[in-house]
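First comes the structure, then the notes that go with it.
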Amino acid sequence: MWKGLKNALLLSVMPMAMATGAFANEPALTGATKDAAAKIFFERCAGCHGVLRKGATGKNLEPANTTKLGQNRLEKIIANGTEGGMVNFDDILTKDEIKMMATYIQMPPDSPPEWGMTAMKGSWKVVVPVDQRPTKKMNNVNLDNVFSVTLRDSGEVALIDGDTKKIWNIVKTGYAVHISRISYSGRYVYVIGRDGKLDLIDLWMEKPQVVATIKTGLDARSVETSKFKGYEDKYAIAGSYWPPQYVIMDGLTLEPLKIVSTRSNTIEGEYHPEPRVASIVASQIKPEFVVNVKETGLIKLVDYTDIKNLKETTIESAKFLHDGGWDSSKRYFLVAANASNKVAVVDTKEGKLAALVDTKAKPHPGRGANFVHPKFGPVWATSHLGADVITLIGTDPEKHPESAWKVVQELQNHGSGSLFVKTHPASHNLWADAPLMPDREAAESVTVYDINNLDKGPEVINVAKMAGLPESKAIKRTVHAEYNETGDEVWFSLWAGKTEPSAIVILDDKTRKMKAVIKDPKLITPTGKFNVKNTQHDIY
Ligand code: DHE
């Protein structure tokens, strides 16, 4: 496919230089070149700007805006990035590709095809039927301490035994695989790729393998599984960016049962054709999924007790919802409306918005971090893509009403460009990364605070240096802290280039010193890590 793209580019040098549409000066690409540009846009740009280019985390790129900037300015922006957070593509795309993309985004956007029940059923495969799966655990691995690690650019997950620190198995999954979630029994891992491919892995097998697979959409980011008592492992749900919809599936076979479109009007009342499904979490106190719709700013509480007569409670919050997590009581869900610089708080017991909290620029919590603040009681933390702070929000309206749903403190992070924070109930440490900092030292480091002594200030640790990897051109971005089952080790990924050595560094949480490093040529671009027990029980 990429070879085809290169050929298409060579053939298209002439037409591109002479590009004319129906009117002189109207930018145009045709045939294979246009297809190649559409493919790059879908894979590299749509995540932030939207397939229809209406903008979300990234700017609106409809022709009315892009033609004003013009070919030269657009080429510069794509090559060098912007201070507003757009990354530089000059080390990802060739000069010809950058030229082509600058032209492509001045043309009207194409709408990709839909993906309904017939297409979904056609892609669905039960590899090992339920009655042929093991009836008991067939291995000696401590499943509570297994980590499912995203190998982003190889489209795989590495299942790592947290006790021995050995790779147990590497399982082929979807394109640019994104996240893993664990069934409430702790037996199954659900892995979603950006191409919408969902794989179900059975941890009871001697070597865990995919037992069912389905393509849930053409572009996806989220998956979750039912957690309410009596519904453990019963349903899975996947959210799509394209088509904008979610699908509820049988939890053990992935048979698609119900597809629900999220196209609707925004909180301001305007129709939006592409409201993408961002994070999804499952309530433990009600038979509900919480589905966050990015572009409309609507949060759906989806009651899964009667799939045929599905009930949705629609909560108005703020636009461009992205990622979020539960507070420690598991009653409140806090989600970043990142391009609005807000965190929305949903009271899932009452089925209402509890608060909209203003924060510094672009909060990006992952699932956030919960701990008891010595002064303000229970708090939930997020770091930011657009500010070098870690924001603490009070989460206990009963015993600490004066702090609830307020920013009670902002801690200094060592950079903006942060994606994830993490702690554990057994730990006194709060960790924050900053992998999207352009500066190598900052991107390779993490900040850590003692939560019992926040006034002491942070320690900044260069995790990448500890690993002893060979020098590389690519920054070894230190990303995504995850605790082990007992909460005494914290794991970080070193996310380097696809052809450069990466690693996972494990720190002793008490001493903050390196305890182990996992290096293996098969660990290609490791990013997210999902410990079975912590993910299963929403411990963060
Ligand atoms: Fe993610 C979570 C979307 C880029 C690593 N990411 C999420 C979630 C969403 C999302 C909606 C919440 C899922 C949930 O909880 O159900 N991510 C997007 C994007 O749209 C974006 C910005 C651009 C894109 O084109 O995909 C994007 N994400 C990335 C990356 O480049 C990261 C850093 C590396 C990678 O592996 O792709 C990345 N995203 C993650 C991780 C989580 C995540 C590790 C889960 C965090 C957790 O602890 O739960």
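Count residues from 1 along the sequence. For ligands, and for the atoms within them, numbers begin at 1 and follow the listed sequence.
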So, are Arg44 and Glu97 salt-bridged, with charged N and O less than 4.0 Å apart?
no
In terms of atom number and element, which parts of ligand 1 are under 4.0 angstrom from non-hydrogen atoms of Arg367?
47 (C), 48 (O), 49 (O)
Does the side chain of Ser418 pick up a donor-acceptor pair with the side chain of Asp433 at under 3.5 Å?
yes
For atom 10 (C) of ligand 1, grab the closest protein heavy atom and report residue, atom and distance to one decimal in Å.
His178 CE1, 3.2 Å
Is the closest N or O pair between Thr150 and ligand 1 shorter than 3.5 Å?
no
Does any donor atom in the side chain of Thr173 or Asp199 lie under 3.5 Å from an acceptor atom in the other side chain?
no
Would you indicate whether Lys519, at its atom NZ, is surrounded by more than 12 heavy atoms from other residues, nucleotides or ligands within a distance under 6.0 Å?
yes
Is the centre of the Trp380 ring less than 6.0 Å from the centre of the Tyr332 ring?
no
Trp495, any N or O under 3.5 Å of ligand 1 N or O
no
So is there a nitrogen or oxygen of Ser222 less than 3.5 Å from a nitrogen or oxygen in ligand 1?
no
Which ligand 1 atoms does Ile179 reach within 4.0 Å, using its non-hydrogen atoms?
2 (C), 13 (C), 14 (C), 16 (O), 42 (C), 43 (C), 45 (C)
Would you check the N or O atoms of Ser279, main chain and side chain alike, for any that come under 3.5 Å of an N or O of ligand 1?
no
Among Arg367, Arg181, Arg331, Lys227, find the residue that satisfies the salt bridge (Lys or Arg N to Asp or Glu O under 4.0 Å) test when tested with Asp538.
Lys227
Distance under 4.0 Å to a non-hydrogen atom of His322: what atoms of ligand 1 satisfy this?
3 (C), 10 (C), 18 (C), 19 (C), 20 (O)
Checking contacts here: is it the side chain or the backbone of Glu482 that comes within 4.0 Å of ligand 1, counting heavy atoms only? Could be both or neither.
neither
Using a 4.0 Å heavy-atom cut-off, say whether Thr527 meets ligand 1 through its side chain, its backbone, both or neither.
side chain
Show me which atoms of ligand 1 lie under 4.0 Å from any heavy atom of Ile280.
14 (C), 16 (O)
Give a yes-or-no answer on whether the side chains of His49 and Lys59 include a donor-acceptor pair shorter than 3.5 Å.
no
Under a plain distance cut-off of 3.5 Å, with no hydrogens placed, do His414 and Thr447 share a side-chain donor-acceptor pair?
yes
Within the 4.0 Å heavy-atom cut-off, what Arg194 brings close to ligand 1 is side chain
Is it true that Lys360 and Thr391 share a donor-acceptor pair across their side chains at a distance under 3.5 Å?
no
Can you sort out which atoms of ligand 1 are near Ala278, meaning under 4.0 Å from one of its heavy atoms?
11 (C)
Could you check if a side-chain atom of Ile179 sits within less than 4.5 angstrom of a side-chain atom of Ile192, using non-hydrogen atoms only?
yes
Arg276: heavy atom below 4.0 Å from ligand 1, yes or no?
no
Find all atoms of ligand 1 within a distance of less than 4.0 Å from any non-hydrogen atom belonging to Gly528, and give their numbers and elements.
44 (C)
Examine Leu419 against ligand 1 and note whether any of their N/O atoms are separated by less than 3.5 Å.
no
Close approach, Tyr540 and ligand 1, non-hydrogen under 4.0 angstrom
no
Where the closest heavy atom to atom 25 (O) of ligand 1 is concerned, which of Arg44, Glu43, Glu224, Arg221 has it?
Arg221
Is the NZ atom of Lys234 crowded by more than 12 outside heavy atoms at less than 6.0 Å?
no
